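Presented below is the structure to which this report refers.
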Amino acid sequence: MIVGQKCKRNRMDINTMNSHTTVNGEVRVRMAPSPTGFLHIGGARTALFNWLFAKHHHGKFILRIDDTDIERSTDESMHEIYEAMQWLGLDWDEGGEKGGPYGPYLQSERKEVYDRYVGELLASNHAYHCYCTSEELEEIRTEAREAKSTRSYDGRCKELSSEVIEKYIADGRKPTVRIKMPETSILVDDLILGSRNIDPATLEDEVIVRSNGMPNYNLTSIIDDVEMNITHVIRGTEHLNNTPKQIAIANALGLSLPQFAHIPLVLDDSGRKLSKRHHGDLVAVNRYREQGYLPEAMLNFVARLGWSYDDKQEIFSLEDLIDKFDLARVGKSGSVFDIKKLEWLNSHYINQLDVSRRTDAVIPYWQAEGLIDSIEDREKLEKIVEAVGERLNTLKDIVPQTSYFFSDDFEFDPKATKKWWGSSDEKKQKTYEILTNLSQILEDTPDFGLDTIESLVWKYTDENDIKRVAAMQSMRIALTGLSFGPSLFDIVVLLGKDEVLKRLQKAIVSLS
RNA sequence: GCCCCCGUCGUCUAGCCUGGCCAAGGACACCGCCCUUUCACGGCGGCGACACGAGUUCAAAUCUCGUCGGGGGUACCA
């Protein structure tokens, strides 16, 4: 087959396929994480695409836990994944701790199902026991590589004599079970990548049951997909090479296949797959939650990684996504995780929140920092949030933006003082005078309302030929320690007369 | 090594199937200007890509071939 043609034909296929699958019965998709760590960005996107596909087609979204690796799977991780999914709002119809008609949904609890199929495979001579030790396998692999073979296991246990088997057993060797790969090529049909034929000579007799009796991913995955009536397997392209293996297993068992859709990977800025192993909790969904990212932003962001609707829309509500999501518009190449764009979306969604809800969202971050211990002064908190306005990229940004409202125990930012208070004695003297005068003016006014203060300050600057910006920035630093932030008069009013005078005094002292 | 996949601005992408409407459009980022009491917001503008080479064609980002580049897999992980 000619490569280019395959690519181009693909989209046509998708369109027709989608319309078919929509009509033919209920769509059932699944997310099948292995509980060996937190949910990461890539996993969240896989979950979202599955969820959107289900919602769009009024189907079911199933959460299955692929925990056949009993060594590495943990309960804690499983619950962390549930939590992350729930936070994102990706609810599931079956599975997880919720159960359902096709349960159990934990693979570790489904061993008898797999055993049944493995028995079948063994009986029909589609699988065989392999007694090789890991050292032997390692050797076989090395040799195969040197010989430039397309396989790394030679199938030597396929035809073992009963004497040899008895000897192995007497030696205490515990066998694995391997699937026998077919002679004929395997057709892999993918909704995103198109279809192709895989030469079985490039496939080896995969281990489907470990020597400890626990079956492996390639077996359990396809069996459960079939058993649970999954219609579409939507997963990352890291599984692309597993697909022909799984198809071979299903074929040997005479099972009918789900449709496959492999979505391209989410990459880091050097183009490598995002993974727990290499990127740590930098890619953990829960970390973004803690940093003050909104689920709407995460979802919107991750949806646009590999998927697009048209050439204009960037902001998508969840309803919008459900409405518009289509596998036909998922691209084939990987997408780099760009945190700047996430931040942009996050600030957008934070700004969408009204002041009350934004205040609710931000309170935990104040509390975590010990800036507030109760929320009694709700009205004041809301006023602070209102003053901060659109200056938050993350909810956590509320801390550096507002900590001075809660404590006068701050340093004057050296860069700010250098620029606005001045570095020469002469300049400092001038600042000293301005702040002293302003302090006097503010002390003298009986009305501490915003408009009054504003006109008093400007009257002073204009009459004395002082640049407004110089006076205001000097005062801002005195009151907050910073050179940036909300409108100065908002700050003055919110701080209150006593506090303002106190802080001005402190600045004046430090200037003298 | 072997197998598989991918390749449009720095990044996410539209366009590719159905060649001409594309001297390639949008968004994020970056830079500049405007607004302005600072910072942000907003407005305006700028920078910036069809990986390369052949072929087909009157015409190619779009079709074909090759090269190069990147990635994934290669486990008794998933």
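Computed from a predicted structure; not experimentally measured. Each chain gets a letter, A, B and so on, in the order the sequences are listed, and its residues count up from 1.
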Nucleotide opposite [N] in a Watson-Crick or G-U pair, distances under 3.5 Å:
| N | answer |
| --- | --- |
| C41(B) | none |
| G1(B) | U74(B) |
| A24(B) | none |
| C30(B) | G46(B) |
| A61(B) | none |
| G69(B) | C6(B) |

Looking only at N and O atoms, is any donor in the side chain of [X] or the base of [N] less than 3.5 Å from an acceptor on the other one?
| X | N | result |
| --- | --- | --- |
| N242(A) | A78(B) | yes |
| S152(A) | U74(B) | no |
| E314(A) | G26(B) | yes |
| S211(A) | C76(B) | yes |
| R391(A) | C39(B) | yes |

Which part of the nucleic acid, if any, lies within reach of [X] when heavy atoms closer than 4.0 Å are counted: base, sugar-phosphate only, or nothing?
| X | answer |
| --- | --- |
| P264(A) | nothing |
| H262(A) | nothing |
| G389(A) | nothing |
| L240(A) | sugar-phosphate |
| F301(A) | nothing |

Residues of residues 393-402 of chain A with a heavy atom under 4.0 Å from any atom of RNA chain B, listed by number, are none
| What distance, rounded to whole Å, do you find between the two C1' atoms, one in A54(B) and one in G72(B)? |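 The answer is 30 Å between these two C1' atoms.
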Using the P atom on both, measure U11(B) against G71(B) and round to a whole Å.
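Between the two P atoms, the distance is 14 Å.
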Donor on one side chain, acceptor on other, [X] and [Y], under 3.5 Å:
| X | Y | result |
| --- | --- | --- |
| R110(A) | Q107(A) | no |
| K419(A) | Q473(A) | no |
| D320(A) | Q313(A) | yes |
| D205(A) | Y128(A) | yes |

Exercise. Return the nearest nucleotide to the side chain of R476(A); candidates are C77(B), U37(B), G7(B).
Key: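 It is U37(B).
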Winner on side-chain proximity to Q473(A), out of U11(B), U38(B), C12(B), is U38(B)
So, [X] and [Y], do they make that salt bridge, N to O below 4.0 Å?
| X | Y | result |
| --- | --- | --- |
| D310(A) | K312(A) | no |
| D225(A) | R30(A) | yes |
| D66(A) | R64(A) | yes |

Closer than 4.0 Å, any side-chain N/O of [X] to the OP1 or OP2 of [N]?
| X | N | answer |
| --- | --- | --- |
| R304(A) | U11(B) | no |
| N218(A) | A78(B) | no |
| S308(A) | A14(B) | yes |
| R272(A) | G71(B) | yes |
| T68(A) | C77(B) | no |
| R64(A) | A78(B) | no |
| R196(A) | C6(B) | no |
| T202(A) | C4(B) | no |
| K340(A) | A27(B) | no |

Sequence neighbours excluded, the answer for ring pair (Phe, Tyr, Trp, His ring centres under 6.0 Å) partners of W421(A) is F412(A)
List the atom pairs, donor and acceptor, that lie under 3.5 Å between side-chain atoms in residues 236-246 of chain A and the rest of the protein, sequence neighbours left out.
unit_1: H239(A); atom_1: ND1; unit_2: Y217(A); atom_2: OH; d: 3.2
unit_1: H239(A); atom_1: ND1; unit_2: N242(A); atom_2: ND2; d: 3.3
unit_1: T243(A); atom_1: OG1; unit_2: R235(A); atom_2: NH1; d: 3.2
unit_1: T243(A); atom_1: OG1; unit_2: H239(A); atom_2: O; d: 3.1
unit_1: T243(A); atom_1: OG1; unit_2: L240(A); atom_2: O; d: 3.3
unit_1: T243(A); atom_1: OG1; unit_2: H262(A); atom_2: NE2; d: 3.1
unit_1: Q246(A); atom_1: OE1; unit_2: R235(A); atom_2: NH2; d: 2.7
unit_1: Q246(A); atom_1: NE2; unit_2: N218(A); atom_2: OD1; d: 3.0

